[in-house]
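Below: the structure, in structure tokens.
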Amino acid sequence: MSTLQFYNSLTREKEAFKSILPGKVGMYVCGPTVSGESHLGHARPFITFDIVYRYLKHLGYQVRYVRNITDAGHFEEEGRESEDKISKKAVLEKMEPMELVQKYTNLFHWAMRAFNNLEPSIEPTATGHIVEQIVMIEKIIQDGYAYVVNGSVYFDVEKYHKDFGAKGMQYGILSGRVLEEQLETTRELESQDEKRNKIDFALWKNAAPEHIMRWQSPWGIGFPGWHIECSAMSTKYLGEEFDIHGGGMDLQFPHHECEIAQSAVCNHKIPAKYWLHNNMITINGKKMGKSYNNVIKLSELFSGTHEILTQGYSPMTVRFFILQTHYRSTLDFSNEALQASEKGLKRMWEAFSYLRKMSLSQTDADASNIELENKVIGILNGLEEDMNDDLNTAKVMAGLFELVPVINSIKDGKIDRNALSSKTLALMQGQFTTYLVDIFGLTDESKQDDDKLTAVLQLIGEIRKDARSRKDFATSDKIRNQLLAAGIQLKDEKDGGMSWELL
RNA sequence: GGUCCUGUGGCCGAGUGGCUAGGCAGAGCUCUGCAAAAGCUUCUACAGCGGUUCGAAUCCGCUCGGGACCUCCA
């Protein structure tokens, strides 16, 4: 029996996972900023952590999964025009900011459902937790690690680093950055610097009159800084110290580093034990991002309406594509790669469909092919080990694929049904279901055919069968070709039967 | 410029000292009236150079290439 291991960004090594409370896990994952439509890049963390969530549940843990919605505007970098990207776009689109946020939240949820991601236990919004954030900021000010300037509040990174570094919580502990170097290398920013130090970050930002998203605070009217919401909400719902904090690698610095500093001041401890970061999806080797102008929105991805795409890719194809790679590797997007996933998934799913419907004999006869039996059992038992090894979904998938020819050969009669014992066949059914359905969250995407269509096709199938038995291939081919043109593909099975697929 | 990661066959992508990844594509064969599907077989690898070792894709060094973060970002 292997045990679950995670690569912990905090310690930079693989560690055995042990929950703080036996049997219970608290997990916080940074959610989307709903100022725009979700894109392909968003698919990765939310599918990755959906797998983490599903796997922990599979292992029997009771998991509280918190994933926030960032719906409060974040300011841009100091030195640029100070603006809130949500409110800016709201003006452009002539919408209420909350209306805009709601629209993109809905779209995000639509995409998550399409991917068959389980809903988090709690999905808190930043705007719904302004009070908690203000309380936290007040505490940080009280303790002397933040200062107020012109209605804004900034975190004093240098003071924090000096005091908490002595307690083993230095600024840079997560990202491996050395503060002294940061102080030297941080770029010179233009003008109006209210901050004592360039690396200080905002906890609260004074809102200019034209700024639409605004709240009353002890320091005037403004809005929260871009890291405090996660600290406030994770503490509220998971406690001062919880098990897992997840997100994309790009959030490691500064976002998660700042979260640690804020929480450390308030709670005197690093908020999470295990920090998990998924790697990026790249397009032609470049990270996808707003600033690269190569963003494929999820709606475009599914429909194929983007100039990079030669066709649309279904949510399950995308999910499968992501699972075929380890989550800490970069994943390069291309039409070729997605088409490979589409075909691979189809083959896997068809084998699985046959396997799950296979009725097993009740007898306990031994396998007639011991070698094959042992090979199959070896692969099936190895899946858990691969999954426990920092969620090596790619390797699990490879193991399952090795069994596909076995299943198909049984189906085609090329391998005798008795080659494997019923016990092993049952194990195979169980493991395929567990991994593909329960843990990987894959679903059947084949178009549903209704009863009437089934009856019609059965009739047509019989007519065609008669024609074939008379060697009237002109008729049988006409039936097959015309149905294909109508989007129904007929397949003659080995056993003389016929199956069809709606294209 | 600083910090870090990475370079596997036509494409995607596991693997971290000796043992096969896997998917897709290509080729051949089998089955089939034909097709589709499926099965079997098969080809093209570990960026380059040097070192450590009985043995390296895997460890070390250098060279070259790619990327991430340092700024909103999944």
Side-chain angles (χ1 to χ4, degrees), chain A residues 12 29-33 35-36 38-49 70 74-80 85 172 175-178 181-182 184-187 189 199 226 246-255 257 277-282 285-292 295 320-321 324-326 328-348 350-351 354 386 389 392-402 404-409 411-415 468 471-473 476-477 480-481 484 489-494 499-501:
Chain A
R12 288 171 197 80
V29 173
C30 291
T33 300
S35 59
S38 301
H39 55 75
L40 173 58
H42 290 104
R44 186 126 197 227
F46 303 131
I47 289 174
T48 297
F49 288 101
T70 298
H74 286 162
F75 52 86
E76 300 287 354
E77 173 190 353
E78 290 288 336
R80 293 186 198 157
K85 51 184 178 175
S175 57
R177 262 155 240 274
V178 178
E181 288 171 358
Q182 290 284 302
E184 287 164 16
T185 60
T186 304
R187 271 182 256 159
L189 300 165
I199 45 148
W226 32 291
M249 257 176 200
D250 49 346
L251 296 180
Q252 197 169 341
F253 189 89
H255 183 60
E257 196 71 60
H277 292 100
N278 64 273
N279 216 317
M280 304 289 107
I281 288 180
T282 56
K286 284 278 181 202
K287 191 182 90 161
M288 177 179 307
K290 284 161 196 159
S291 37
Y292 292 90
V295 175
F320 184 81
F321 172 64
Q324 271 189 302
T325 309
H326 185 91
R328 283 193 294 109
S329 300
T330 54
L331 173 55
D332 198 47
F333 175 93
S334 68
N335 282 290
E336 220 179 347
L338 263 290
Q339 279 159 18
S341 290
E342 186 177 75
K343 287 177 187 166
L345 171 62
K346 187 172 173 231
R347 181 157 157 259
M348 170 74 80
E350 278 176 6
Y354 176 77
D386 295 331
D389 182 16
N392 198 334
T393 56
K395 229 177 157 186
V396 171
M397 209 66 97
L400 295 176
F401 262 115
E402 279 197 73
V404 166
V406 175
I407 296 168
N408 284 332
S409 293
K411 180 185 177 189
D412 289 352
K414 292 194 173 101
I415 291 179
R468 290 179 71 203
K471 302 228 184 288
D472 179 7
F473 298 123
S476 72
D477 286 354
R480 189 174 65 200
N481 293 339
L484 184 62
Q489 183 173 54
L490 299 187
K491 297 177 191 176
D492 296 325
E493 298 291 340
K494 287 277 183 289
S499 67
W500 64 85
E501 184 185 346

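In the text below, chain A, chain B and the rest are named by the order of the sequence lines, each starting its count at 1. All values below were derived from every heavy atom in this structure, side-chain atoms included, with hydrogens, water molecules and symmetry-related copies excluded. In this text, all values refer to a predicted model and were calculated from it rather than measured experimentally.
No salt bridge links A/E350 with A/K411; every basic N to acidic carboxylate O contact stays at or beyond 4.0 Å.
Per the geometry, NE2 belonging to A/H326 stands 8 Å off P belonging to B/A14, to the nearest Å. Spacing between atom CD1 of A/I281 and atom P of B/C73 amounts to 18 Å, rounded to whole angstrom units. Between the CZ atom of A/R328 and the P atom of B/A14 there is a distance of 11 Å, given to the nearest Å. The CG-C1' distance, from A/D332 to B/A74, rounds to 16 Å in whole Å. Look at CG on A/N481: it is 15 Å from P on B/C34, rounded to the nearest Å. For A/N408 and B/C31, the CG to C1' distance is 14 Å, given to the nearest whole Å. For A/H277 and B/C69, the NE2 to P distance is 13 Å, given to the nearest whole Å. The NE2 atom of A/H255 sits 18 Å away from the C1' atom of B/A68 (whole-angstrom rounding).
Comparing B/U42 with B/A47, their P atoms sit 25 Å apart, to the nearest whole Å. Here the separation of B/A14 from B/U8, taken at their C1' atoms, is 10 Å to the nearest Å. B/C46 and B/U3: their P atoms are spaced 32 Å apart (whole Å). Rounded to whole Å, the separation between the P atoms of B/U58 and B/G15 comes to 15 Å. Nucleotides B/C60 and B/U16, compared at atom P, are 14 Å apart to the nearest Å. Between B/G55 and B/G50, the two P atoms lie 15 Å apart (nearest whole Å). B/G13 and B/A57: their C1' atoms are spaced 15 Å apart (whole Å). For the C1' atoms, the distance from B/C11 to B/U44 is 12 Å, rounded to whole Å.
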Can you name the atoms? Protein N/O to nucleotides 16-18 of chain B N/O, anything below 3.5 Å, with the distance.
none

Under-3.5 Å N/O pairs linking protein and nucleotides 27-30 of chain B:
none

Atom pairs, protein N/O to nucleotides 64-66 of chain B N/O, distance under 3.5 Å:
none

What protein N or O atoms touch nucleotides 22-26 of chain B N or O atoms at under 3.5 angstrom, if any, and at what distances?
unit_1, atom_1, unit_2, atom_2, d
B/C24, OP1, A/R347, NH1, 3.4
B/C24, OP2, A/R347, NH1, 3.4
B/A25, OP1, A/K343, NZ, 3.4

Check the interface with nucleotides 56-59 of chain B: list each N/O to N/O pair with the protein under 3.5 Å, or write none.
none

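Residue side chain A/N392 does not reach the base of B/G15 through any donor-acceptor N/O pair under 3.5 Å, judged by distance alone. For B/A35, its base sits under 3.5 Å from the side chain of A/R480 at one donor and acceptor pair at least.
Across all strands, A/D492 comes closer than 4.0 Å to base atoms (heavy-atom distances). If you check every strand for non-hydrogen atoms under 4.0 Å, A/L490 touches a base. Residue contacts for A/M249: at a heavy-atom cut-off of 4.0 Å it reaches no nucleic acid atom on any strand shown.
Across all their heavy atoms, A/T325 and A/T393 have their closest contact at O-OG1, 3.5 Å. When all heavy atoms are compared, the tightest approach of A/V396 to A/D386 is CG2-CB, 3.8 Å. The shortest heavy-atom contact between A/C30 and A/L251 is CB-CD1, 3.6 Å. The two residues A/S334 and A/A337 make their nearest non-hydrogen contact at OG-N, 3.0 Å.
Taking the nucleotide of RNA chain B with the nearest heavy atom to each of A/T282 and A/S476, the more 5' of the two is matched to A/S476. Looking at which nucleotide of RNA chain B each of A/T330 and A/R468 is closest to, the 5′-most match is held by A/T330.
Atoms CG and CG, from A/D477 and A/D472 in turn, are 9.0 Å apart once rounded to the nearest 0.5 Å. Put simply, NE2 on A/H326 and CG on A/D389 are 7.5 Å apart, with the number rounded to the nearest 0.5 Å. The distance from atom CG of A/L338 to atom CZ of A/F320, rounded to the nearest 0.5 Å, is 11.5 Å.
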(request) Would you sort out whether A/F321 and A/L331 count as a side-chain contact (heavy atoms from CB on, under 4.5 Å), showing the intermediate values? (result) CA-CA 9 Å; A/F321 172 64; A/L331 173 55; 3.5 Å; yes

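Stem analysis of RNA chain B (at least three stacked-register Watson-Crick or G-U pairs, each with both distances under 3.5 Å) gives B:1-7 with B:64-70, B:10-12 with B:22-24, B:26-30 with B:38-42, B:47-51 with B:59-63.
Side-chain N or O atoms of A/Q489 include none that pairs as donor or acceptor with a backbone N or O of A/L484 at under 3.5 Å. A/N392 contributes a side-chain N or O that, together with a main-chain N or O of A/K395, makes up a donor-acceptor pair within less than 3.5 Å.
The aromatic rings of A/H39 and A/H42 lie tilted to each other, with the angle between the two planes from 30° to 60°.
With centroids closer than 5.5 Å and planes inclined by less than 30 degrees as the test, A/F46 and the base of B/A74 fail to qualify as a stacked pair.
Side-chain atoms of A/N278 lie closest to B/A74 of the nucleotides B/A74, B/C70, B/G13.
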